[in-house]
Amino acid sequence: MSYAADSGVCLDRILASTDLSALTKKDAATFTRRLKAHFPRLFEKYTFVYGHQYDCYFHLQKLVELLRDGLKSRKPALKALDSQRLKTPLWYRDEEQVGMACYVDLMGPTLNDLHEKIPYFKALGVTYVHLMPLYDAPKGDSDGGYAVSDYRKVNPSLGTVKDLEKLTAALQKEGINVVLDFVFNHTSDEHAWAKAALSGDKQYQDYYYLFDDRSIPDQYEYTLREIFPQVRRGSFTYNEAMEKWVWTTFNSFQWDLNYSNPEVFNAITSEMLFLANLGCAALRLDALAFIWKEMGTNCENQEKAHVLIQAFNCCLQIVAPAVVFKSEAIVHPDEVLKYIDKDECQLSYNPLLMALLWNSLATRKTRLLTNSMKKSFAISDDCTWVNYVRCHDDIGWTFDDAVANELGINSFDHRYFLNQFYTGRFEGSFANGVPFAENPSNGDCRVCGSLASLCGLEGAIEANDPQAIDEAVKRMLLLYGITFSIGGIPLLYSSDEIAKLNDYSYRLDETKNHDDRWVNRIAVNSEDTALALGTTTPANDAQTASVRVFEGLKQMIATRKQHAIFGQSKTHILDTDNQHCFAFLRENTEGQKLLVICNFSEHPQSLHRSLLATLKQSASKDLLTDETVEMESSPLELAPYQQMWLQPV
Ligand code: GLC
Ligand code: GLC
């Protein structure tokens, strides 16, 4: 059967019976034009997943009506932005782009208060702010907002939808985009759909995965990974009210949505369009790897998960083409890559780079980083990485076992070492981290902690050791320096930029103490920002370190923005003749080049200057120090944790 031909007939029939009279003439024309362009793809995806269901075409028709309504509610300013972005679709590959993720309550504490933080964002050079989930959510534990009770309502403690729109507009005026979460794998058990299901409504019970007894859950669980084993064993939760087992991949109050039901796809699309119409530049697709379940698999990264995300992408192209998707797939590196495509997710977190930067810091060795990046860094030219060092979650050691094996590294033992190292249990470790989600059945474990504490600042301050403080600061600048230069949007995690230490106060809060990720969800208050902006002067070692980190990051960001090479250019990962050093070359179509060399050890390291030959010039300048580096026979010396950003002169 030729789907291409069928989709044409299908669209003609749908359009013949779809009332477009509520749209302006111009919108009706835009809508029809975009449907003609994107409906064939949407049709192919939708029928791939739902074609075998008798009511597939009924739901497809309903979906087109939803898209029409989405376009109708899109504000004129956002429609103008759509046209502009369609002309500059690769804006996200620009050297100007620098992101920051922050919690409204930890930085505001309300949306209205965040207006005052705009000068702070600007001082750093931030152009994209990811506001952590700010939707209505259960009181008490809501997985930091990732249990959404109403996508169309802002959590009253933070403000209102109007406040959010006002803030988005104010940020946009200053050249700062807003990124919002699209939490679509699950809703909270207080969402209207869940409440209807709880009251026995069959239609809404079909929005979730509910089972009368353990027989099917047991079969699924045979191959499932446990995500939060410290909260609950297995992936299902018994609900007394319904007398049913509910699929809950994450916390027990986060109910997985049932995407085998086309009505769920449509309903969530409508929520997605609402969020897109708030004016965000990107939607972060939370936990996207988990949205399709297939018996006998681990129910992650399934083919139909990809097809559904592509279908969501088509919907966005039709209604809000200015909005792009950011993939949050914290999975095996080969699987991370599969979400990255112009027609799926244009942006993706880079969890492999993140984990391996920490690995190199612990081992002082770069071979695993180098070989892994050689294999997995290259992605399509019309997409980009979001490179980060820390985030609100734990660090999982998601490197490829096969790459490790080739280097003679035993993956299981090595992950054990990394967990020991970063939780400070390894003799001589500089890190103060906290173990997370230890699984008693298989020994799995992940790590939590702030950038500064994991880099050794907490221990160094306790020990009152100036050299250790200096090394901790250099580690922080090294890791972030790589995210600024390697290619992609660097994403700062708010509180990292001022080197805040772990916040252990969550241990006294019973809504948080079972989830150690709270140790790295840290407030940035007005004293912190005043210190960073130089309005107050540092009064102790911790504050001096804060200012050093802030100033160091600020300088590197400013340098990044001055050179096109940090934007749209290729990255070649290079071998070096020193196992403690990591290097890569950037190259653009203009013939510009940049060579980055990093020392991951606390000792000086030397390298053969032949590496400089990749720049094809006899002299180069380090953009970080302005020093000239010549091609000559003596070895190149790097100071402890030094990085060089070399450009030919
Ligand atoms: C994502 C979030 C994490 C959350 C999970 C479930 O991984 O980053 O914080 O717990 O999804 O929504
Ligand atoms: C797991 C999941 C990831 C999630 C994290 C939350 O690693 O793969 O998606 O963010 O747990 O801790």
Side-chain angles (χ1 to χ4, degrees), residues 99 101-106 130-138 140-149 151 155 179-191 194 208 224-232 235 237 246-257 259 268 271-272 275 282-291 293 298-301 305 309 325-332 335-336 339 345 347-351 354-355 386 388-396 398 434 436-437 446-449 491 493-494 506 511-512 514-522:
C102 63
Y103 283 94
V104 177
D105 58 335
L106 294 179
H130 168 210
L131 299 173
M132 296 296 292
L134 38 69
Y135 314 109
D136 199 20
D141 190 0
S142 65
D143 191 17
Y146 282 105
V148 178
S149 301
Y151 298 92
N155 193 317
V179 176
L180 293 175
D181 276 279
F182 178 37
V183 188
F184 68 127
N185 175 67
H186 44 263
T187 71
S188 88
D189 58 1
E190 293 181 13
H191 190 283
Y208 300 96
L224 290 179
R225 178 161 76 104
E226 289 176 285
I227 304 301
F228 292 151
Q230 84 283 13
V231 165
R232 178 207 61 236
S235 299
T237 304
V246 187
W247 197 313
T248 54
T249 298
F250 296 91
N251 287 286
S252 301
F253 50 83
Q254 290 165 297
W255 291 13
D256 287 42
L257 285 164
Y259 281 100
I268 205 85
E271 304 310 292
M272 173 182 83
L275 301 181
L283 286 170
R284 171 189 180 279
L285 300 195
D286 182 67
L288 80 178
F290 298 88
I291 64 167
K293 327 290 188 198
N298 62 357
C299 298
E300 294 181 39
N301 313 307
I309 296 160
F325 279 158
K326 175 167 66 161
S327 160
E328 191 250 343
I330 315 300
V331 291
H332 188 283
E335 300 296 338
V336 171
Y339 294 94
C345 295
L347 316 183
S348 169
Y349 282 92
N350 193 345
M354 182 278 293
V386 173
Y388 66 115
V389 177
R390 282 303 292 119
C391 71
H392 67 290
D393 280 332
D394 45 291
I395 301 175
T398 60
V434 177
F436 179 69
R446 314 193 300 254
V447 167
C448 295
L491 181 63
Y493 175 58
S494 124
Y506 74 102
T511 66
K512 294 180 175 161
H514 58 280
D515 188 339
D516 293 293
R517 291 175 298 167
W518 285 101
V519 80
N520 48 262
R521 297 172 181 174
I522 304 166

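Each ligand, and each atom within it, is numbered from 1 in the order the structure gives.
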- prompt: Applying the side-chain contact (heavy atoms from CB on, under 4.5 Å) test to L134, which of V148, L180, N155 qualifies?
  reply: L180

message: Quick check on contacts: which atoms of ligand 1 are under 4.0 angstrom from a heavy atom of D393?
response: 2 (C), 3 (C), 7 (O), 8 (O), 9 (O)

- line: Quick note on ligand 1: atoms under 4.0 Å from a heavy atom of H186 include exactly 6 (C), 12 (O)

task: With sequence neighbours left out, write down each residue that passes salt bridge (charged side-chain N to carboxylate O under 4.0 Å, His left out) with D136, or none if nothing qualifies.
output: K153

query: By salt bridge (charged side-chain N to carboxylate O under 4.0 Å, His left out), which residues pair with R521, not counting sequence neighbours?
result: D393

query: Can you tell me if R284 has a non-hydrogen atom under 4.0 Å from ligand 1?
result: yes

query: In terms of atom number and element, which parts of ligand 1 are under 4.0 angstrom from non-hydrogen atoms of R517?
result: 3 (C), 4 (C), 9 (O), 10 (O)

message: Working to the nearest 0.5 angstrom, can you tell me the gap between I395 CD1 and R517 CZ?
response: 13.0 Å

task: Would you mind listing which atoms of ligand 1 come within a distance below 4.0 Å of any non-hydrogen atom of D286?
output: 1 (C), 2 (C), 6 (C), 7 (O), 8 (O), 11 (O), 12 (O)

- prompt: Relative to ligand 1, is F228 under 4.0 angstrom through side chain, backbone, both or neither, heavy atoms considered?
  reply: side chain

task: Could you tell me whether the side chain of R390 and the main chain of S494 form a donor-acceptor pair under 3.5 Å?
output: no

